[in-house]
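Remember, it's a predicted structure, so these values are computed and weren't measured experimentally. Atoms within a ligand are numbered from 1 in the order they appear, just like the ligands themselves.
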Amino acid sequence: MTDNQPPVEKPPGADFRTARSLVLVNTGEGKGKSTAAFGTVLRGLAQGWDVAVVQFLKSGDWQVGEEKICRELGVDWYAAGDGFTWNSEDLDESRAMARGAWEHAKSLIAAGRYRLLVLDEISYAMTWDWIDAAEVAATVAGRPENLSIVLTGRDMAQEVIDVADTVTEMRKIKHAFDNGIVAKKGIDY
Ligand code: ATP
Ligand code: MG
């Protein structure tokens, strides 16, 4: 028996149980945070769940691929800037759009009918103090019991990590971009 055998028994002392929902964080510098979130969207759709995605950064044309196919599959998709209205003249546009996305995310959480919600690139809005990390963490922690939430983006706020069940840090070993290769349709968006 070598150390390379797959584990066959549950860890000693672990008391396994089912969960009504989970909170997942995909963070880190490497590629794959949003891709993994959309993989989870596919799994939720396969279960017949109501699924919603909120994108916190205006993505231009980059993510039209997943947005188009997700909408076709019945995902409720909101991108920062959708339904955007000026709240105050001293809010800059990106901040106001991120705050609008968070208000929308809160309404989706409160709606009670979703089983999976992706908050894509939400970390940046907290890093830049556009939305309050403690409020995000408290809202996620107080979600309806059947709603799983995936939050993505680099440098995820510790408050959010603290309330998550599963936190994955994507670590860059190589990235094509470092070799001068630009984002590729079908792979990066
Ligand atoms: P993806 O959407 O491909 O899963 P991601 O969500 O992990 O990437 P983001 O920070 O959201 O990463 O990056 C958005 C875009 O930048 C994507 O096209 C992605 O391929 C690219 N990207 C991701 N990580 C890196 C990196 N370390 N260096 C350069 N570009 C990156
Ligand atoms: Mg991403």
Open item on the list: Is there a salt bridge (Lys or Arg N to Asp or Glu O under 4.0 Å) between Glu67 and Arg71? Walk through the geometry before answering.
Closed with: CA-CA 6 Å; Glu67 176 173 350; Arg71 284 187 188 279; 3.1 Å; yes

Open item on the list: Do Glu121 and Thr152 have side chains that approach each other closer than 4.5 Å (heavy atoms only, starting at C-beta)?
Closed with: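 Sidechains of Thr152 and Glu121: in contact.
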
Please list every donor-acceptor pair under 3.5 Å in which a side-chain atom of residues 176-187 meets a protein atom from a residue at least two apart or in another chain.
unit_1 : atom_1 : unit_2 : atom_2 : d
Asp178 : OD2    : Lys172 : NZ     : 2.5

Open item on the list: As a check for students: among Glu66, Lys174, Lys33, identify the option with a heavy atom nearest to atom 5 (P) of ligand 1.
Closed with: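 The nearest heavy atom belongs to Lys33.
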
Task: Closest to atom 24 (N) of ligand 1 among Arg154, Lys172, Arg171 (heavy-atom distance) - done: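 Closest candidate by heavy-atom distance is Arg154.
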
Atoms of ligand 1 close to [X] [distance to a heavy atom under 4.0 angstrom, numbered from 1]:
X	result
Glu121	11 (O)
Asp188	18 (O), 19 (C), 20 (O)
Gly30	7 (O), 24 (N)
Glu29	24 (N), 26 (C), 27 (N)

- [ ] Could you check Val41, Leu24, Val23 and say which one makes a side-chain contact (heavy atoms from CB on, under 4.5 Å) with Val150?
- [x]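 Answer to the side-chain contact (heavy atoms from CB on, under 4.5 Å) test with Val150 among Val41, Leu24, Val23: Leu24.
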
TODO: Name the orientation class of the two ring planes belonging to Trp77 and Phe38 (parallel below 30°, tilted from 30 to 60°, perpendicular beyond 60°).
DONE: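 Parallel: the ring planes of Trp77 and Phe38 meet at under 30°.
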
Open item on the list: Taking only non-hydrogen atoms of Met170, do any sit less than 4.0 angstrom from ligand 1?
Closed with: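 False for this residue.
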
- [ ] Output yes when the distance from some N or O of ligand 1 to some N or O of Gly32 is under 3.5 Å, and no in every other case.
- [x]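 Between Gly32 and ligand 1 (N or O atoms, distance only) the closest approach is under 3.5 Å.
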
Task: Polar atom proximity, Lys31 to ligand 1 (N or O, under 3.5 Å) - done: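 Checking ligand 1 against Lys31, an N or O pair does fall under 3.5 Å apart.
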
Open item on the list: For the metal site, I want the angle between atom OG of Ser34 and atom OE2 of Glu121 with the Mg ion (ligand 2) at the apex, to 10°.
Closed with: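 The angle at the Mg ion (ligand 2) comes to 90°, rounded to the nearest 10°.
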
Task: Side chain, backbone, both or neither: the part of Tyr124 lying under 4.0 Å from ligand 1 by heavy atom - done: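 For Tyr124, the contact with ligand 1 is made by the side chain alone.
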
Just by modelled atom types, is the [Y] backbone N or O under 3.5 Å from a matching donor or acceptor in the [X] side chain?
X	Y	answer
Arg154	Ser123	no
Asp50	Arg115	no
Ser21	Glu145	yes

